[in-house]
Amino acid sequence: MRMQPLLNSRQMREADRRTIENGTPGFTLMLRAGEAAADAACRMLPQAGRVLVLCGPGNNGGDGFVAARILADRGHRVTVAAMKPVADLSGDAAEAGHLWGEAVCPLAAADPAGADLVVDALFGTGLARDLQGEVVEAIARVNGAGRPVLAIDVPSGIDADTGLVRGAAVKAERTVTFACRKPGHLLYPGRAHAGAVEVADIGVSCMGLDGPAVHANGPEIWLPAFPRIDPAGHKYDRGHALVLSGGPGHTGAARLAARGALRAGAGLVSVVTSARALAVNAAHLTAIMMRVCDDPDEFSDLLTDDRFNALALGPALGVGEATRRWVEAALEADRATVLDADALTSFSGMAEGFAALARAPREHPVVLTPHEGELRRLLAGPGEVSAEAREIAGRPSKLDRAVGLAAFANAIVVLKGADTVVASPEGSAVINENGSPYLGTAGSGDVLGGIVAGLMAQGMPGFEAAACAVWMHAEAGARFGPGLIAEDIPEGLPAVLRDLLG
Ligand SMILES: NC(=O)C1=CN([C@@H]2O[C@H](COP(=O)(O)OP(=O)(O)OC[C@H]3O[C@@H](n4cnc5c(N)ncnc54)[C@H](O)[C@@H]3O)[C@@H](O)[C@H]2O)[C@H](O)CC1
Ligand SMILES: [K+]
């Protein structure tokens, strides 16, 4: 399996430029792109039919003109509607317009309802601002017509870097993109607009580019770092994870996380519980052990034993000063640590103080697992927060928010959602895509935090552990499907692990 880089529009232009510099003319790339689009169109419309190709003012439109020519030559009845007359195009797009060589109608006259297939070549990676006016109306007609749509490169109106809708965006059944996918194909709402995405090789390499290293999440990212069991080893070689329990009435989250850590392969897992919550925890735990700590000082004392090498805390701890003290004790002990839920929300409006704790020199990774609301509360208050923190919270792109928090807190960030992003403080990131809506169930996030801790307990580096946990958690959920509850996720891990590890 090969890594799948996701290039942003600047990197894509650079890849393009390098290819052209190395001797392949830009128009040759456009011919290949147009042909790949025509091939995809023919797979969607195997019999000769009516095809409407919508062409924009730039090179995306150029790809559309090439595809139109090929589709007409293959016997389809092709209508081209364009934003600009061919005479007003420039560069490769002008050449492609001449290659089409037949009538072009204005965009306002385009009739998607009368087509068997619409090919969307209005805008690609060059989209630079929100769409307005006639193009918004044309997109509304395309989306309202309910005909199958093939988008070339990116559904028009979707920002290739962020997946956000710029004014309006085409809803495609399929998208054919070139060289590699773009972040906007994996980030919502772009992912939903793109439909099934296929990548066509047009002779442009995606490797060795400067700038952020963003990849699709998959085993190729983290399987090489996955902890292998030593046949002669014992459980003490596979770490001991501690999961902090809430008080009586709030203990389930910790047990879910602990179960996730144990199924992920940690040698030993203990729930750290107050004396008051001991009975209820004891009533529900078997393979998982317990340690009684009634306050953060006792927790610090416990952590003088360096066999406890991974910590997970946050879910159901309660929001406030007490939880902040537990977090401080955990961070001071310098163990591989997962902070989730209340461990983050307790620092709402105190982003600077939180970051100072997380940034203190340390040997072992900190992984933060917020959802969007938790990130916003941590970075943007309510309360006094720095302009830097507020700026990160306000970034329109999920990818930028995750990377921003990771750098700010010098921590690995798992920004959860249907398109979970895992970001490192150095700026690299992966976007997850094997999730399913069934994962949105009470306690699911608690299990995820536990899996991360369980992997780190076995010595897996923080970024790889986080990316792997996100993928395995999603995979277990997707395989289970309807009816999934959080308890099922740890129990789904053995099958996922069997397939991964062979
Ligand atoms: N990457 C490759 O290897 C290849 C890509 N190809 C295709 O080219 C497009 C990118 O082309 P580019 O000309 O840079 O951009 P666009 O066609 O997406 O649009 C640029 C065009 O539109 C104007 N513009 C931008 N935003 C707006 C707006 N909101 N409203 C109106 N007009 C806007 C801008 O000023 C330009 O004039 C890529 O996606 C591929 O499809 C090559 O063909 C093959 C190699
Ligand atoms: K497009």
Side-chain angles (χ1 to χ4, degrees), residues 5-22 24-38 40-41 52-68 81-84 88-97 99 107 118-139 142-143 149-161 164-182 184-185 190 193-195 197 199-206 209:
L6 305 170
L7 296 196
N8 64 31
S9 45
R10 190 189 52 71
Q11 291 170 314
M12 202 58 223
R13 271 193 297 279
E14 177 60 17
D16 226 359
R17 194 190 57 73
R18 272 192 335 200
T19 313
I20 294 168
E21 240 174 45
N22 286 337
T24 310
F27 189 61
T28 302
L29 298 179
M30 188 173 279
L31 290 174
R32 291 176 188 163
E35 186 177 1
L52 171 65
V53 183
L54 305 175
C55 294
N59 288 335
N60 193 250
D63 298 348
F65 282 114
V66 173
M83 289 174 67
K84 271 185 178 180
D88 294 350
L89 299 175
S90 59
D92 295 335
E95 208 169 324
L99 179 76
L107 192 59
V118 178
V119 177
D120 157 34
L122 292 169
F123 295 98
T125 53
L127 184 71
R129 52 192 182 276
D130 283 5
L131 298 175
Q132 286 180 325
E134 65 156 12
V135 71
V136 172
E137 285 158 29
I139 288 173
V142 169
N143 291 347
V149 178
L150 171 68
I152 299 190
D153 203 10
V154 186
S156 297
I158 292 295
D159 186 312
D161 298 349
L164 294 172
V165 173
R166 304 291 306 264
V170 167
K171 274 218 122 185
E173 186 178 305
R174 298 189 78 82
T175 296
V176 55
T177 191
F178 311 116
C180 63
R181 290 183 295 169
K182 319 297 177 299
H185 292 129
H193 280 259
V197 180
V199 180
D201 179 0
I202 59 166
V204 171
S205 166
C206 293
L209 291 149

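All values below were derived from every heavy atom in this structure, side-chain atoms included, with hydrogens, water molecules and symmetry-related copies excluded. In each ligand, atom 1 is the first atom listed, and ligand 1 is the first ligand listed. Note that the numbering runs from 1 along the sequence shown for the chain. Please read all numbers here as calculations on a predicted model, not as lab measurements.
In terms of protein heavy-atom proximity, atom 38 (C) of ligand 1 is closest to Asp153 OD2, 3.1 Å. Scanning the protein for heavy atoms near atom 9 (C) of ligand 1, the closest one is Asn60 N, 3.6 Å. Given atom 3 (O) of ligand 1, the protein heavy atom at minimum distance is Asp16 OD1, 2.8 Å. Here the protein heavy atom with the shortest distance to atom 43 (O) of ligand 1 is Asp63 OD1, 2.4 Å. Scanning the protein heavy atoms around atom 26 (N) of ligand 1, the nearest turns out to be Ala128 N, 2.9 Å. Of all protein heavy atoms, the one closest to atom 18 (O) of ligand 1 is Gly124 N, 2.6 Å. Ranking protein heavy atoms by distance to atom 10 (C) of ligand 1, first place goes to Thr125 OG1, 3.4 Å.
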Check: Can you check side-chain contact (heavy atoms from CB on, under 4.5 Å) on Arg32 and Thr28, steps first, answer last?
Finding: CA-CA 6 Å; Arg32 291 176 188 163; Thr28 302; 3.8 Å; yes
Note to self: Checking Val165 against Ile158 for the side-chain contact (heavy atoms from CB on, under 4.5 Å) test, could you report, in this order, the C-alpha distance in whole Å, the side-chain angles of both residues, the deciding distance, and whether it holds?
What the structure shows: CA-CA 5 Å; Val165 173; Ile158 292 295; 3.8 Å; yes
Next item on the list: Would you please test Leu29 and Phe178 for side-chain contact (heavy atoms from CB on, under 4.5 Å) and show each step?
Entry: CA-CA 10 Å; Leu29 298 179; Phe178 311 116; over 6 Å; no
Margin query: Let's go through Leu150 and Val118 carefully: what are the C-alpha distance in whole Å and the side-chain angles of both, what is the deciding distance for side-chain contact (heavy atoms from CB on, under 4.5 Å) to 0.1 Å, and is it a yes or a no?
Written below: CA-CA 6 Å; Leu150 171 68; Val118 178; over 6 Å; no
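Among the backbone and side-chain atoms of Thr175, none of the N, O or S atoms lies under 3.4 Å from the K ion (ligand 2). Taking 3.4 Å as the criterion, Leu122 does not count as a coordinating residue of the K ion (ligand 2), since none of its N, O or S atoms falls below it. In summary, Gly124 places no N/O/S atom under 3.4 Å from the K ion (ligand 2), failing the contact criterion. Because the distance cut-off is set at 3.4 Å, Phe123 qualifies as a neighbour of the K ion (ligand 2) through one of its N, O or S atoms.
With hydrogens and angles disregarded, a donor-acceptor distance shorter than 3.5 Å links the side chain of Asp161 to the backbone of Ser9. Judged by distance alone, the side chain of Asn59 and the main-chain N or O of Gly62 form no donor-acceptor pair under 3.5 Å. Judged by distance alone, the side chain of Asp63 and the main-chain N or O of Phe65 form no donor-acceptor pair under 3.5 Å.
For the side-chain contact (heavy atoms from CB on, under 4.5 Å) test with His185, the passing option among Val199, Thr175, Leu6 is Thr175; the others fail.
Residue contacts with ligand 1 for Asn59 involve both N, CA, C or O and side-chain atoms from C-beta outward (heavy atoms, distance under 4.0 Å). Only side-chain heavy atoms of Ile202 come within less than 4.0 Å of ligand 1; its backbone N, CA, C and O stay farther off. Only the side chain of Val204 comes within contact range of ligand 1, with a heavy atom under 4.0 Å; no backbone atom does.
Taking distance alone, with nitrogen or oxygen atoms compared against 3.5 Å, Gly126 approaches ligand 1 more closely than that limit. The shortest N/O to N/O separation between Phe123 and ligand 1 does not fall below 3.5 Å. For Met30, no nitrogen or oxygen atom sits less than 3.5 Å from a nitrogen or oxygen atom of ligand 1, counting backbone and side chain alike.
Residue contacts with ligand 1: Ala179 is excluded, as none of its non-hydrogen atoms falls under 4.0 Å.
One option in Met12, Lys84, Arg13, Arg129 has a heavy atom closer to atom 29 (N) of ligand 1 than any other, and that option is Arg129.
Ion pairing between a basic and an acidic side chain is recognised when a charged N comes within 4.0 Å of a carboxylate O; Glu14 and Arg18 show no such pairing. For Lys182 and Asp153, the salt-bridge test passes: some basic side-chain N is under 4.0 Å from an acidic carboxylate O.
Numbered from 1 in the order shown, with element, the atoms of ligand 1 that lie under 4.0 Å from a heavy atom of Leu29 read 44 (C), 45 (C). Applying the 4.0 Å criterion to heavy atoms of Leu127 picks out, from ligand 1, the atoms 18 (O), 25 (C), 26 (N), 29 (N). For ligand 1, the atoms sitting less than 4.0 Å from at least one non-hydrogen atom of Asp130 are 29 (N), numbered in the order shown with element in parentheses.
Of all N, O or S atoms in Asp120, the one lying closest to the K ion (ligand 2) is O.
When every heavy atom of Val204 is checked against every heavy atom of Ala15, the shortest pair comes out as CG1-CB, 3.7 Å. In plain terms, the two heavy atoms of Asp130 and Arg166 that are nearest each other are OD1-NE, 2.7 Å.
The side-chain heavy atoms of Val119 and Leu52, taken from C-beta on, include no pair separated by under 4.5 Å. For the pair Leu54 and Ile139, the minimum side-chain heavy-atom distance is 4.5 Å or more.
Checking atom 31 (C) of ligand 1 against the protein gives a heavy-atom contact under 4.0 Å.
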